[in-house]
Student: 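The structure that follows is given in the form of structure tokens.
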Amino acid sequence: MISKFINRGNEISLLEEEWKKENGRLIVLYGRRRIGKTRLLMEFTKDRKGVFYIAEDSSARIQINGLKNSIADFLGDSLLKTLEIKDWSQLFEYLAKNMPEERFYLIIDEFSYLIKSDKRILSVLQRLWDTIFSHSPIVMVLSGSMLGLMSEMVLSYASPLYGRRTRDIHLEELPLKHARKFLSLPVEEAMKLYFITGGVPEYLLKAAEYNSLSRFLEKELLNKTGYFYNEPYFIISQEFRELKTYFSILNAIAYGNTRPADIANFVGIEARRIYPYLENLIRLGFIERQTSILGSPKKGIYFIKDSLFDFWFNFVFRYKEEIEREIFSQKSGDMSGYYGKKFENFVRKEIFPHLLNYSKIGRWWHREEEIDIVAINEPGKDIAFFECKWSKLKGRDVERIIKELRRKAKYVKWGNNDRNEQFGVIARHIEDKKILREAGFLLYDMEDFERILK
């Protein structure tokens with residue numbers, strides 16, 4: 001169980017608001033495995049009264065009996081414990097007739113397991129919500145980790161519960177500034193670990209058991225007995241039936257095939273058939289589609305969004321045979337390219353918006369030319385060009401990068417000839433930063449990140 005509760009203030013506030021409102025409230029909470037849904041709900045229910053039931057992947061009869069006992073304990077109802085209840089309708093009707101008059105909660109954690117075993121629970125809840133629960137003191141929270149099932153069966157227009165929920169909350173990963181609070185590592189080590197695990201609280205807690213990144217990798221990822229060794233396999237097998245196809249797509253992207261036609265060719269299916277698979281992976285947060293900031297929205301390329309998946313497919317799945325035979329040797333240089341890729345994305349999303357005030361930020365590419373960050377102000381004339389380097393740069397390196405940026409900037413079609421251009425570099429470390437800044441360059445490194453990440 002997660003022992004730390006960090007930066008879920010917004011979600012707690014939303015739950016508090018629902019609690020204070022009148023009549024019944026129906027909240028849907030969803031998010032990937034180990035993201036901290038149960039911990040959030042435990043924090044919310046402190047000093048409040050109600051039923052907290054954590055479902056398991058078992059038969060409907062076992063689940064009904066488990067929830068029945070939890071409700072009986074809350075109501076202090078010894079009779080309910082002795083009753084034989086065979087379906088969800090009986091159980092929820094009993095609760096509807098015997099619930100308290102004051103505000104109480106009914107939390108069903110891992111609700112997706114209940115749907116999986118018996119979809120009729122959705123229709124039962126719809127009927128009783130419309131007739132009784134919506135006018136009662138109940139705050140019902142349905143929480144689930146199976147994102148595909150939750151999206152399709154609970155959140156979608158076709159769901160019996162559509163239009164009944166009063167709030168839905170998608171619990172996402174923590175940004176680095178909060179993820180760091182789980183760790184006792186220097187900022188650079190913490191950043192590397194974040195590029196591997198992402199901001200998933202339970203992953204961070206596991207990593208916090210180690211005082212070095214290399215030891216953590218050796219024991220928990222690059223080891224067939226490690227905690228993370230089969231984690232992506234478990235997650236994907238929970239979400240998809242065509243496991244082999246989805247694994248092949250993720251593997252294709254990890255190998256650098258980012259365009260749909262290239263992915264399809266790697267997987268061995270027709271290009272037109274690849275899109276539904278890609279859309280499913282996007283919907284569940286495993287991959288993302290990026291377009292050039294000033295390019296056509298129809299021309300997108302695909303990247304693995306989930307950090308653990310990205311690392312796993314690059315370094316665990318790829319070397320699975322060597323790891324299984326215990327002959328895999330991790331070389332420090334092998335991961336520099338990976339860290340560089342993650343650093344660029346991290347800077348674009350979590351750092352750059354705090355450095356400069358631009359209305360639109362993104363990658364730019366056209367044919368063979370590419371710029372890590374192009375930022376523009378619309379309406380306006382301001383445009384900025386930045387390169388991100390997971391490196392320690394000297395003054396001559398910065399001057400070379402800026403010179404190359406100026407060359408590539410001429411290909412960026414935006415604004416008129418009188419646009420206001422700025423050029424900069426963001427890196428791990430930049431020597432003589434003060435002197436270079438006086439020359440008019442915009443330069444930022446880890447030293448500047450500390451202010452943002454505190």
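Note that the structure is a prediction, hence the values are computed from the model and not measured.
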Student: Is any side-chain heavy atom of Leu356 closer than 4.5 Å to one of Phe386?
Tutor: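 Yes, their side chains come closer than 4.5 Å.
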Student: Treating Lys37 as the side-chain partner and Glu110 as the backbone partner, does any N or O pair qualify as donor plus acceptor under 3.5 Å?
Tutor: no
Student: Are Arg215 and Glu218 close enough for a salt bridge, meaning some N to O gap below 4.0 Å?
Tutor: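 Answer for the salt bridge query: yes.
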Student: With a 4.0 Å cut-off, would you call Glu279 and Arg283 a salt bridge?
Tutor: no
Student: Is it the case that the ring center of Phe315 lies less than 6.0 angstrom away from the ring center of Phe311?
Tutor: yes
Student: Would you say the side chain of Leu222 lies within less than 4.5 Å of the side chain of Tyr319, judging by non-hydrogen atoms?
Tutor: no
Student: Can Phe346 and Phe195 be said to form a ring pair (Phe, Tyr, Trp, His ring centres under 6.0 Å), step by step?
Tutor: CA-CA 8 Å; Phe346 163 75; Phe195 293 163; 5.7 Å; yes
Student: Any donor-acceptor pair under 3.5 Å linking the side-chain atoms of Glu18 with those of Tyr105?
Tutor: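 Checked: Tyr105/Glu18 side chains show no N/O donor-acceptor pair below 3.5 Å.
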Student: Does Lys349, at its NZ atom, have more than 12 non-hydrogen atoms belonging to other residues, nucleotides or ligands within less than 6.0 Å?
Tutor: yes
Student: With a 4.5 Å cut-off on side-chain heavy atoms, are Leu281 and Ile304 touching?
Tutor: no
Student: Which residues pass the ring-ring contact (aromatic ring centres under 6.0 Å, His included) test with Phe234, sequence neighbours left out?
Tutor: none
Student: Would you mind checking if Lys392 and Glu431 are paired as a salt bridge, meaning a charged N to carboxylate O distance below 4.0 Å?
Tutor: no
Student: Looking at Tyr255, I'd like to know if the NZ or CZ of Arg318 sits under 6.0 Å from its six-membered ring centre while staying within 45 degrees of the ring's axis.
Tutor: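 Yes, Arg318 lies over the aromatic ring of Tyr255.
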Student: Could you tell me whether Lys206 and Glu231 make a salt bridge, using a distance below 4.0 angstrom between a side-chain N and a carboxylate O?
Tutor: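 Looking at Lys206 and Glu231, the cut-off is not met.
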Student: Could you walk me through whether Val139 and Leu26 pass the side chain to side chain contact (heavy atoms under 4.5 Å, CB included) check?
Tutor: CA-CA 6 Å; Val139 172; Leu26 178 57; over 6 Å; no
Student: Does the distance from a Lys or Arg side-chain N to an Asp or Glu carboxylate O, for Arg34 and Glu202, drop under 4.0 Å?
Tutor: yes
Student: Would you please say whether a donor-acceptor pair under 3.5 Å links the side chains of Tyr358 and Gln422?
Tutor: yes
Student: Establish, for the pair Arg406 and Phe423, whether the NZ or CZ atom is under 6.0 angstrom from the six-membered ring centre and no further than 45 degrees off its axis.
Tutor: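 That pair qualifies as a cation-pi contact.
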Student: Distance check, rounded to the nearest 0.5 Å: Tyr411 atom OH versus Ile371 atom CD1?
Tutor: 11.0 Å
Student: May I ask you to check whether over 12 heavy atoms, not counting those of Asp57, lie within 6.0 Å of atom CG?
Tutor: yes
Student: Does NZ in Lys341 sit with more than 12 non-hydrogen atoms of other residues, nucleotides or ligands closer than 6.0 Å?
Tutor: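 Result for NZ/Lys341: enclosed.
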Student: Check whether Tyr203 forms a cation-pi arrangement with Arg33 (NZ or CZ under 6.0 Å from the six-membered ring centre, at most 45° off the ring normal).
Tutor: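 Not satisfied by the 6.0 Å and 45° rule.
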Student: Apply side chain to side chain contact (heavy atoms under 4.5 Å, CB included) to Arg165 and Leu155, showing your working.
Tutor: CA-CA 9 Å; Arg165 68 182 186 273; Leu155 297 168; 3.7 Å; yes
Student: Between the side chains of Arg428 and Asp445, is the shortest nitrogen-to-carboxylate-oxygen separation below 4.0 Å, so that they form an ion pair?
Tutor: no
Student: Quickly, which of Asp262, Asn257, Ile249, Asn251 forms a side-chain contact (heavy atoms from CB on, under 4.5 Å) with Val267? Name it, please.
Tutor: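 Only match with Val267 under side-chain contact (heavy atoms from CB on, under 4.5 Å): Ile249.
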Student: Which of these passes side-chain contact (heavy atoms from CB on, under 4.5 Å) with Phe286: Asp310, Asn280, Ile235, Leu278?
Tutor: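 Going through the options one by one, the only one that passes is Ile235.
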Student: Run through Ile35, Leu40, Leu171 and flag the one making a side-chain contact (heavy atoms from CB on, under 4.5 Å) with Pro201.
Tutor: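 Only one option passes, and that is Ile35.
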Student: Nearest 0.5 Å, what's the CD-NE2 distance between Glu172 and His170?
Tutor: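 Result: 5.0 Å between the selected atoms.
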Student: Evaluate side chain to side chain contact (heavy atoms under 4.5 Å, CB included) for Lys116 paired with Met146, printing each intermediate quantity in order.
Tutor: CA-CA 10 Å; Lys116 187 179 172 185; Met146 296 173 67; 4.2 Å; yes
Student: With a distance cut-off below 6.0 Å to the six-membered ring centre and an angular limit of 45° from the axis, does Arg164 pair with Trp129 as a cation-pi contact?
Tutor: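 No, Arg164 and Trp129 do not form such a contact.
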Student: Would you find a donor on one side and an acceptor on the other, under 3.5 Å apart, between the side chain of Asp397 and the backbone of Lys394?
Tutor: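 Side chain of Asp397 to backbone of Lys394: a pair is present.
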Student: Below 4.5 Å, heavy atoms only, C-beta onward: do Thr38 and Glu43 meet side chain to side chain?
Tutor: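 The answer is no, as the side chains (C-beta and beyond) never meet within the 4.5 Å cut-off.
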Student: Assert yes or no for the condition that the ring centre distance of Phe313 to Phe247 is strictly below 6.0 Å.
Tutor: yes
Student: Answer yes or no: does atom NZ of Lys192 have more than 12 heavy-atom neighbours from other residues, nucleotides or ligands under 6.0 Å?
Tutor: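 Yes, the 6.0 Å shell around NZ holds more than 12 heavy atoms from other groups.
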Student: Are side-chain heavy atoms of Lys299 and Arg259 found at a separation under 4.5 Å?
Tutor: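 No, side chains not in contact.
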Student: Looking at side-chain heavy atoms only, is the closest gap between Tyr53 and Asp109 below 4.5 Å?
Tutor: no
Student: Between Leu142 and Leu114, does the side chain to side chain contact (heavy atoms under 4.5 Å, CB included) criterion hold? Intermediate values first, please.
Tutor: CA-CA 10 Å; Leu142 308 177; Leu114 272 59; over 6 Å; no
Student: What residue pairs, at least two apart or across chains, pass side-chain hydrogen bond (donor to acceptor under 3.5 Å, both in side chains) with a residue in residues 360-369?
Tutor: Gln290-Arg363, Glu344-Arg363, Arg363-Glu370, Glu369-Arg407
Student: Ignoring hydrogens and angles, state whether a donor on the side chain of Glu239 or Tyr246 is under 3.5 Å from an acceptor on the partner side chain.
Tutor: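 Checked: Glu239/Tyr246 side chains show no N/O donor-acceptor pair below 3.5 Å.
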Student: Tell me if the CD atom of Glu188 is crowded by more than 12 foreign heavy atoms within 6.0 Å.
Tutor: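 Yes, the 6.0 Å shell around CD holds more than 12 heavy atoms from other groups.
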Student: Starting at CD1 of Ile274, measure out to CZ of Phe266 and round the result to the nearest 0.5 Å.
Tutor: 11.0 Å
Student: Quick check for you: to the nearest 0.5 Å, what is the distance between Glu350 atom CD and Lys177 atom NZ?
Tutor: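 Reported to 0.5 Å precision, the distance equals 9.5 Å.
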Student: Can you confirm whether Tyr227 sits close enough to Leu221 that some side-chain heavy atom of one is under 4.5 Å from a side-chain heavy atom of the other?
Tutor: no
Student: About how many Å separate CZ of Arg8 and CG of Leu41, when rounded to the nearest 0.5 Å?
Tutor: 11.5 Å
Student: So, applying ring pair (Phe, Tyr, Trp, His ring centres under 6.0 Å) with Phe228, which one of Phe216, Phe317, Phe309 is it?
Tutor: Phe216
Student: Please round to the nearest 0.5 Å and tell me the distance separating atom OG of Ser117 and atom CD of Glu56.
Tutor: 12.0 Å
Student: For a quick test of reading the model, state the closest non-hydrogen atom pair linking Ser156 to Tyr162 and the distance between them.
Tutor: O-CD1, 3.3 Å
Student: Tell me yes or no: between the side chains of Glu242 and Tyr277, is some donor less than 3.5 Å from an acceptor?
Tutor: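 Note: Glu242 and Tyr277 side chains meet the donor-acceptor criterion.
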Student: Answer yes or no: is there a side-chain heavy-atom contact under 4.5 Å between Met153 and Leu122?
Tutor: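 Yes - at least one pair of side-chain heavy atoms lies under 4.5 Å apart.
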Student: Between Asp448 and Arg437, does any side-chain N to carboxylate O distance fall below 4.0 Å?
Tutor: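 Counted as a salt bridge, because a side-chain N and a carboxylate O are separated by less than 4.0 Å.
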